[in-house]
Amino acid sequence: MIAAVPTSQEIEQEARRLEEKGLLEVGGYDETALLRLAERTWRINKLKAIKNAVIPAHVYQRPEILLGIADFTGDSYRLAKLCAEVKADTIVFCGVRFMAETAKILNPEKTVILPAAEAGCSLAESITGEDVRRIRALHPGAPVVTYINTNADVKAESDVIVTSANARKILEKLYQKHKKVIFIPDTLMGQNLARDLNKKLGEEMIIWQGTCIVHDSFEPSWLERYRKEFPGVQVLAHTECSPSLVEMVDFAGGTGDMMRFVENSNAPYYMLITECGLGDLARSRFPDKKFVPMCRLCPYMKSIDLDHVEKALSDPDAACRINVPEDIRLKAKKAIDAMFALA
Ligand code: SF4
């Protein structure tokens, strides 16, 4: 299906809408880029209405996706919650595969499409359902607490799913009943949580060796020099970063927590140590605040562009359609529902 072609007046109107959304506040986007993008965002928004589709977008997506075509944006937890409530027939998920799978697990009757089939995740790919069965057998009775950045077969072998926003709260509840908990697959987040909760790694908390290739790449040696250059800078880091970095920053949390921190504080500068998309979104939302650039691109998240989304809406490839076998879906949903209940 080919959407209508916008007139030059419609392109101009769409460009102004993108400007109002804050796209010009994001570094590298100028009037020429705006007009070029406007033609495509206009077409995609028309197609979205024709197909009765909805576009959730993770905050690490490209700015033109977040500001131009997304119906709602957020971290994994917010997207999972909102996807459970959508009314549309089709969900075109701008994020990575495990997120689109989560949307399908919560919406089995809907068509869920991941615009770029190759959008995976180093954390999700670090572990399989078979690995979880093996580790569970080694620690009988210990509940398996699984970070949401995992594929459906891993979620299906878990007792409860967590996100960076609620992991600590859920673990605290579980430790009221259990001496030992298995936390998978992010080794750095596991180390941060074990330290925060005062739990002994290898005894009270069993962790896996997966890492996020983005957050694992930050190291703290340069941080003090930045503090000297930018007096008063508030440094915020994602809890997927190493404990040696996390213990040096002013605030550590998930992306939603980091945005709330910026919104509710008044510092001369902010540094957001995470994927670059969050800084782009923060610049568009808070044009009066100053951000010291410090980020890395996630090659998985950034593999989706507007062309992929247009194709996903008009003629999706079979590899982009998300399917989760029903037995796995039901078990994975139970673990996700346990998160909603505990969080
Ligand atoms: S930023 Fe890290 S955790 Fe998120 S999708 Fe990319 S590799 Fe996975």
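Counting from 1, the numbers follow the sequence of the chain as shown. For ligands, and for the atoms within them, numbers begin at 1 and follow the listed sequence.
Counted within 6.0 Å of NZ on Lys173, heavy atoms from surrounding residues, nucleotides or ligands total more than 12; the atom is thus considered enclosed.
Thr146 has its side chain out of reach of Val162: every pair of non-hydrogen atoms, C-beta onward, lies at least 4.5 Å apart. Within the 4.5 Å cutoff, side-chain heavy atoms of Glu157 are placed close to those of Lys331. For the pair His58 and Met301, the minimum side-chain heavy-atom distance is below 4.5 Å.
Using 4.0 Å as the threshold, Glu240 has a heavy atom nearer than that to some atom of ligand 1.
Close contacts of ligand 1 with Asn149, meaning ligand atoms under 4.0 Å from a residue heavy atom, involve 3 (S).
Sorted by first and then second residue, the disulfide bond (SG atoms under 2.5 Å apart) pairs involving residues 169-245 (not counting sequence neighbours) form an empty list.
Residue Glu64 forms a side chain to side chain contact (heavy atoms under 4.5 Å, CB included) with just one option from Asp280, Val26, Leu37, Leu18, and that option is Leu37.
Distances from atom 6 (Fe) of ligand 1 under 2.8 Å pick out these protein N/O/S atoms: Cys298 SG.
A cation-pi arrangement is absent between Lys289 and Tyr270 under the rule of less than 6.0 angstrom and at most 45 degrees off the ring axis.
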